[in-house]
Amino acid sequence: MGWRYWVNENRGTLLALAIFLAMFALYIANHPAGFTPNVLQTAANKGVLLALVAIAQTFVVLTAGIDLSIGMMMIMSSCLASHIVAGSPAMTTVGVAGVLGAGALAGALNGAIVIFGRLQPIVATIATGAIFFGIALILRPIPGTSPELNSALADAMLGKVFGLVPSSAVVLAAIILLVWIPFRRSVIGRTTYAAGSSEVAAYMSGMPVRRAKFLAYVMSGVFAALAGLYLTFFTYSGAASLTNANTYTLYSIAAVVLGGVSLFGGRGSAIGAIFGALAFRSIGDLLFVFDLDPLLQPLFQGVVLMIAVTIGSARLFQVRNRLEFFS
Amino acid sequence: MSAVTEPTAARPPSRSWRLQIDMPVVMAFGCVLLLLLVGALYSPKFLSPEYLLQQLKVGAFLGIIATGMMFVILIGQIDLSIPWTVTVGGTIAAFVAAYGTTGEIFAIPVGVLCGVVLGLVNGFAVAYLRVPSMIITLAVNSVAQGLLIAMSGGFAPQDTASPAMRYLATGMLVPYVPNAVLVWAVTGIIAMFILGRTTFGRAIYGIGNKESAAYLSGVPTQRVIVGAFALCGGLAAFGGTLLAGYAGMAAPAMGDTYLLPAIAAVVLGGTSILGGRGNYLGTVAGTILITLLTSILTVMQIAEFARQIIYGTVIVIMLLLYGRAPKVRG
């Protein structure tokens, strides 16, 4: 009976995968070019930004927190990347490490304020978001780029491996295999889930709750920085755009919810969040192939979100006691 | 307290509880004074009545929007649909105002009604479908944006504010006191009455503390939640109509800059983001604090980047001073 337990535990992730596959199949079926490596590459590149911020949000949401500064961290990292991811391969490597390090620092600041300052994550990250955006403005008062920006790396990250598989999809797969699965199986990973389900119970069981929560915020910063790096690869520049920052923060929440990650913490996975993000991103593509006004995109995004969360409330039919309603 | 106990059914909450929640309010007003003092060191103009009244006028819009947000935060929820509810309120009101005299009369009510409808959708989903408010309000925000854009094709068909909207936002019924400030004051007094003197207000605090307990005490919790969200939507749209009146026209995305300041104003005023605890005066103080901070930093000609950093840092520091959660252990 092991598989039934497994299906039940991963229901959100499987549902997200199903939604994504259905939407993507619909898209491909109606795309004039059909299923070609180029179409796949475009789709993967469009989805990767959102997938990365969704992964970032997943870590924090699993601990029953929320990070409203993800978009700001992403924009800050993108502005930084437009300065330092440049020059020779060695310089570029240092630059990439610097960008990811800056993201980790930003996440650590969030974590420190939430855990040691005991502030509610929602308000703490609103405030730190303003700080990160201020830093982005220092780095790029006006949109711009370093003349020596490493465009070879940018092209490679957005290109295809062996002319077939989109590199951004490979990056996402590598994150799942090399970061997410080891994390999920480690003590810290289990503690993250436990802290999200019941912080007190996790603490009583002697699990390293604080360390896990802190790491969740740091990871959130690192993945937001990776998203920022990708943003710079796309645009070949850095721009301190408040609108972009807010949009990506809000989209990251939408993507994790579509991906079956519970906002109450302790349920869901980064794999689900990735598919949630890709599904959310497909909405715009579907409007395109069905020749609908792109201005309608927010409307459809909102409706899809509404349907997705309403499906979740089907569990209310199983409520036997009115009091279970409130939990 | 004396040993004599009276029947307490009709009494406001006990004194000790009141003093406890007043502390953050005192701190918030203290911070306002401190801010004015810092400003006065830079230029005595910051203490002139004209400047202060101007700030109250600018703060009135945020104050009205934050009032609605406070109701939602008090029940332990959040409303992220503020940006487009504000825009819908302003745009629809301006749109209706184009239809002759009847249109001008109904402009504000219709605008507010649209906000109430959006709030009802939020409230229904949260109360009856048990959807997390953070996600349903996000979806409603998106849908409101989409509908408004679909209606207007990207730009407003008629976006000029009606004379009534302009009068409410910029006129002066009482000499020297802008009407916007009066409107804010009236809204505030009504909000304080609702929160402190009605069963609805009591139910809001009850739900914020423990919904199941409120339900078992006979509170119609679901209807109260819907009411709180409807109130929030209505006030946000009302703020939008005033903003349109202030600017003379409705603009797309005019509500975008009000979401985070509204949450910050409520929370800086000592209202717990988890719900159940908070005093309306605190929200007033929080609104003034945010408005003053923004204005003083602008007047001092501090660069945008430093303004953002100072803004964020001040909020974190103030919350660390009095907004910390108790230690969760055991």
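All of these numbers come straight from a predicted model, not from anything done at the bench. Proteins get letters first, then strands, A, B, ... in listed order; numbering begins at 1 in each.
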For this session: Counting only heavy atoms closer than 4.5 Å, note whether Leu250(A) contacts chain B via side chain, backbone, both or neither.
Result: both
Problem set entry | Residue, of Trp84(B), Tyr128(B), Tyr215(B), Tyr311(B), that accumulates the most heavy atom pairs under 4.5 Å with chain A | Tyr215(B)
Exercise. Does a side-chain heavy-atom distance below 4.5 Å link Phe132(A) with Ser69(A)?
Worked result: yes
For this session: Would you check, one step at a time, whether the test side chain to side chain contact (heavy atoms under 4.5 Å, CB included) holds for Phe275(A) with Ser269(A)?
Result: CA-CA 10 Å; Phe275(A) 288 120; Ser269(A) 75; over 6 Å; no
Exercise. Can you check side chain to side chain donor-acceptor pair (under 3.5 Å) on Asn122(B) and Ser81(B), steps first, answer last?
Worked result: CA-CA 9 Å; Asn122(B) 286 332; Ser81(B) 68; 3.2 Å; yes
Exercise. Counting heavy-atom pairs under 4.5 Å to chain A, which of Val140(B), Val267(B), Val121(B), Leu138(B) comes out on top?
Worked result: Leu138(B)
For this session: Let me know if Ile136(B) has heavy atoms under 4.5 Å from chain A in its side chain, its backbone, both or neither.
Result: side chain
Problem set entry | Student check: side-chain heavy atoms of Asn141(B) and Thr137(B) closer than 4.5 Å | no
Seminar exercise, completed: Cut-off 4.5 Å, heavy atoms of chain A, and the answer for Val316(B) is both
Exercise. Which atoms of Ile263(B) come close to chain A, meaning under 4.5 Å heavy atom to heavy atom: side chain ones, backbone ones, both, or neither?
Worked result: side chain
Problem set entry | Greatest number of heavy atom pairs closer than 4.5 Å to chain B - which of Thr128(A), Ile122(A), Val303(A), Leu296(A) | Ile122(A)
Seminar exercise, completed: Ranking Leu260(B), Ile315(B), Ile310(B) by heavy-atom pairs under 4.5 Å to chain A gives rank one to Leu260(B)
Problem set entry | Residue Ser272(B) versus chain A: region with a heavy atom under 4.5 Å | neither
Problem set entry | Portion of Ile66(A) that has a non-hydrogen atom of chain B nearer than 4.5 angstrom | side chain
For this session: Give, as side chain, backbone, both or neither, the part of Leu268(B) having an atom under 4.5 angstrom from any heavy atom of chain A.
Result: neither
Exercise. Checking Ala214(B) against chain A: side chain, backbone, both or neither under 4.5 Å from a heavy atom?
Worked result: neither
For this session: Could you tell me whether Glu304(B) and Arg140(A) make a salt bridge, using a distance below 4.0 angstrom between a side-chain N and a carboxylate O?
Result: no
Exercise. Does some side-chain heavy atom of Leu278(A) sit less than 4.5 Å from a side-chain heavy atom of Arg281(A)?
Worked result: no
For this session: For atom CZ of Arg267(A), decide whether the heavy atoms of other residues, nucleotides or ligands shown that lie under 6.0 angstrom number more than 12.
Result: no
Problem set entry | 4.5 Å side-chain heavy-atom contact, Gln301(A) and Phe280(A) | yes
Problem set entry | Which portion of Val314(B) sits near chain A, non-hydrogen atoms under 4.5 angstrom | neither
For this session: Tell me, out of Leu216(B), Thr221(B), Leu80(B), who's got the most heavy-atom pairs with chain A below 4.5 Å.
Result: Leu216(B)
Exercise. Chain A heavy atoms under 4.5 Å from Leu259(B): which part of the residue, side chain, backbone, both or neither?
Worked result: neither
Exercise. Roughly how far apart are Ile207(B) CD1 and Ile225(B) CD1, rounded to 0.5 Å?
Worked result: 5.0 Å
Problem set entry | Over 12 non-hydrogen atoms of neighbours within 6.0 angstrom of CZ in Phe116(A) | yes
